Amino acid sequence: MSLPPGSRLPAAAQIAQFTFRPLAYFDECLARYGDPFMVDMGPVGTYVGVVAPELIKQVFTADPDALRAGEANEILEPMVGRNSVLLLDGPRHIRQRRLLLPPLHGERMQTYSRIMADATRASVARMPSGAPFAVHTHMQEITLRVILRAVFGLDEGETMGALEARLIEFLKPPPAAMTFVPVRYLDFPLSPYRTFVRRRDAVDRVLRELLRDRRARGTDGRTDILSLLMSARDEEGQPMTDDELRDELVTMLVAGHETSATALSWTVACLLENPEVAAKLDAELDGARGDGGGLDLGALPRLEYLDAVVKESLRLRPILPDVVRRVRAPTRVAGYDVPVGANLMPCIYLAHQREESWAEPRRFRPERFVGAKIDPYAWLPFGGGVRRCVGMAFALHEMKVVLAEMWLRARLRLETPGPVKTVRRTITMAPSGGTRVVLTERRRPTRRPEATA
Ligand code: HEM
């Protein structure tokens, strides 16, 4: 059998549906055509959506040469550059992953906890009382600060400040279309693409300056991501070039910042929409308050409800609705033949809404994760297989520290009663308005002076 069934709408209409109302379109495709289903976007490509854990497992465990994620991510090239781990396949991809993973795992995580908590405390102190504001703006501020420290080490100073300011500009969302329409169609004077290129060049200049500076000072004894990448040598003993380093750095900053900020904004929305869950979290966190009124970081490993809240929010509101693999060897899926050049698309959003996998899937019920073993092919907010997000452990840790620290210090309510709607923000599915809230009470003033974090 050839490709699975799918909509017969013209390609332009399918591109529009997929771009502007992806979740509803996914729901409709699954309901009408079953699992797997096809989305035919003409020049943008043919996509075969898969939802059931056994099909997702087949995609995630396939030979990475036959199903390539790097090729499928090529649309991100203008942003992250062609040497980015996101765009690589084969041995170069594995080599880069091996370099990036250690600083984002295990022991290193404890080093970041303090930075995460301090950045949160400083950000909460800047939240207005009684007037509505977007949680997302604060989350962006926190996660950018945290990822800059993790990537570049604990240096402060002018370069850090300049980089932070330019990155904020660079990461401002270009129109959603830019992530779908090949860039050559958008490159004309005064186009959003030209603005994007100007902002990208400004970031590049600071990064290259930073590389020169780090080379001059040396990387001995340093464990930040930049230093590890600079000390790495390939099989021929060659270091990474400046272009390669630049692309990997931008990848970490782009992949590790907006994603975590959006996920956190969703967690806050989910909690404020579900007061009974918020009350349970309150009860758990009350027992984990440190001397300064914020989180006792030592208590983190035993906070299992907090852990469940974060995982359940990533299930109910996954920020990326799907991941994609480009088919490079004919592949048979559920009796259909998917040809070379098409794309297989594990649908994260649909997998998380599947009634066979999750009881009452549309409800926010963190209890389902307490003491439960997670099926990695039913819960996949970080993708899977050899391409699973390298920042997963880091992001989960960060979400817990930031959420707990904020929750212990500020009482919030939604500006208007929920549910908070989903909107597309470039490639992420974000809460409308960045989760608009009102701070109703500072729970306990800090006795320590505010950190400058
Ligand atoms: C809640 C936050 C985050 C979410 C939901 C998320 C989600 C994802 C997803 C879905 C993928 C694609 C996986 C696949 O194709 O199977 C991915 C890849 C990646 N993520 Fe994340 N991510 C998050 C945070 C981070 C952070 C904090 C970092 C870095 C510090 C990071 C770095 C990366 C990188 C480098 C890749 C490419 C991996 C590869 O191609 O081998 N992400 N992420």
Side-chain angles (χ1 to χ4, degrees), residues 50 56-57 59-62 64 67-74 76 79-81 83-90 92-105 108-109 112 116 139-140 142-152 224-226 229 247-267 310-311 313-326 343-349 351-352 376-377 379-403 427-430:
V50 292
I56 288 179
K57 181 175 183 182
V59 174
F60 282 166
T61 55
L67 300 185
R68 297 190 194 166
E71 261 182 56
N73 287 338
E74 70 198 6
L76 299 174
M79 187 162 237
V80 295
N83 303 295
S84 160
V85 66
L86 274 163
L87 265 64
L88 297 175
D89 284 301
R92 269 189 83 199
H93 166 251
I94 298 296
R95 171 177 161 250
Q96 287 307 99
R97 256 185 93 86
R98 287 211 185 106
L99 288 173
L100 296 175
L101 267 166
L104 297 170
H105 271 81
R108 297 284 305 154
M109 221 56 65
Y112 306 134
M116 292 166 176
M139 294 307 173
Q140 277 180 313
I142 298 168
T143 59
L144 181 59
R145 181 80 25 131
V146 169
I147 194 70
L148 280 171
R149 297 281 183 88
V151 170
F152 298 111
D224 55 88
I225 297 173
L226 170 60
L229 292 178
D247 291 356
E248 230 49 290
L249 292 174
V250 172
T251 300
M252 302 304 278
L253 297 171
V254 170
H257 158 57
E258 187 61 30
T259 45
S260 308
T262 306
L264 273 160
S265 308
W266 268 128
T267 314
V310 163
K311 287 179 178 149
S313 111
L314 287 162
R315 180 197 69 81
L316 187 63
R317 305 295 191 193
I319 58 158
L320 298 172
D322 57 74
V323 288
V324 178
R325 306 289 185 258
R326 177 80 40 87
N343 301 279
L344 273 162
M345 176 171 67
C347 297
I348 302 175
Y349 161 73
H352 288 184
Y377 307 111
W379 186 78
L380 48 141
F382 297 95
V386 293
R387 306 302 298 221
R388 196 179 74 180
C389 174
V390 297
M392 173 170 146
F394 183 91
L396 288 172
H397 186 78
E398 178 174 39
M399 285 181 73
K400 287 193 273 186
V401 174
V402 173
L403 185 69
I427 56 166
T428 60
M429 303 309 297

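None of the values given here were measured: they were computed from a predicted structure. Numbering of residues begins at 1 and proceeds along the displayed sequence. Remember, it's 1-based here, ligands and their atoms both numbered in the order they're listed. Computation of the quantities below employed the complete heavy-atom set of this structure, encompassing side-chain atoms and omitting hydrogens, waters and symmetry-equivalent molecules.
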query = Under 4.0 Å from ligand 1, counting heavy atoms only, is it the side chain of V85, its backbone, both or neither?
reply =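 Both backbone and side chain.
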To the nearest 0.1 Å, how far is [atom] from its closest protein heavy atom, and which atom is that?
atom	answer
atom 30 (C) of ligand 1	I147 CD1, 3.4 Å
atom 36 (C) of ligand 1	L86 CD2, 4.0 Å
atom 34 (C) of ligand 1	V390 CG2, 3.6 Å
atom 24 (C) of ligand 1	T259 OG1, 3.4 Å
atom 20 (N) of ligand 1	C389 SG, 3.1 Å
atom 13 (C) of ligand 1	R387 O, 3.2 Å
atom 1 (C) of ligand 1	A263 CB, 3.7 Å
atom 26 (C) of ligand 1	G256 CA, 3.3 Å

For ligand 1, is [X] a contact, meaning one of its heavy atoms is under 4.0 Å away?
X	result
H93	yes
A69	no
H257	no

Under 3.5 Å, side chain of [X] to main-chain N/O of [Y], donor-acceptor pair present?
X	Y	answer
R387	P64	no
R325	L344	no
W266	L316	no
N73	L86	yes
H257	L253	no

query = Is G384 close to ligand 1, meaning an N/O of one under 3.5 Å from an N/O of the other?
reply =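 Yes.
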Per-atom contacts, ligand 1 versus [X] - under 4.0 Å to a heavy atom:
X	answer
A395	1 (C), 2 (C), 24 (C)
L320	7 (C), 8 (C), 9 (C), 10 (C)
G383	10 (C), 13 (C), 14 (C), 16 (O)
I319	5 (C)

Nearest heavy atoms of [X] and [Y], plus distance in Å:
X	Y	result
T61	Y377	CG2-OH, 3.5 Å
T262	T428	OG1-OG1, 4.2 Å
M79	V250	O-CG1, 3.6 Å

Tell me the nearest of [options] to [atom], using heavy-atom distances.
atom	options	result
atom 4 (C) of ligand 1	W266, F394, F382	F382
atom 14 (C) of ligand 1	R325, R97, R388	R325
atom 32 (C) of ligand 1	A255, A72, S313	A255
atom 7 (C) of ligand 1	G385, A150, P381	P381

ask   = When the ring planes of H352 and W379 are compared, do they come out parallel, tilted or perpendicular, using 30° and 60° as the limits?
value =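 The rings of H352 and W379 lie parallel, inter-plane angle below 30°.
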message = If you define the side chain from C-beta out and look only at heavy atoms, does anything of D89 sit under 4.5 Å from R326?
response =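 No, side chains not in contact.
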request  = Evaluate the side chain to side chain donor-acceptor pair (under 3.5 Å) criterion for residues T143 and S260: first the C-alpha distance (whole Å), next the side-chain angles of each, then the deciding distance (0.1 Å), finally the verdict.
outcome  = CA-CA 7 Å; T143 59; S260 308; 5.7 Å; no
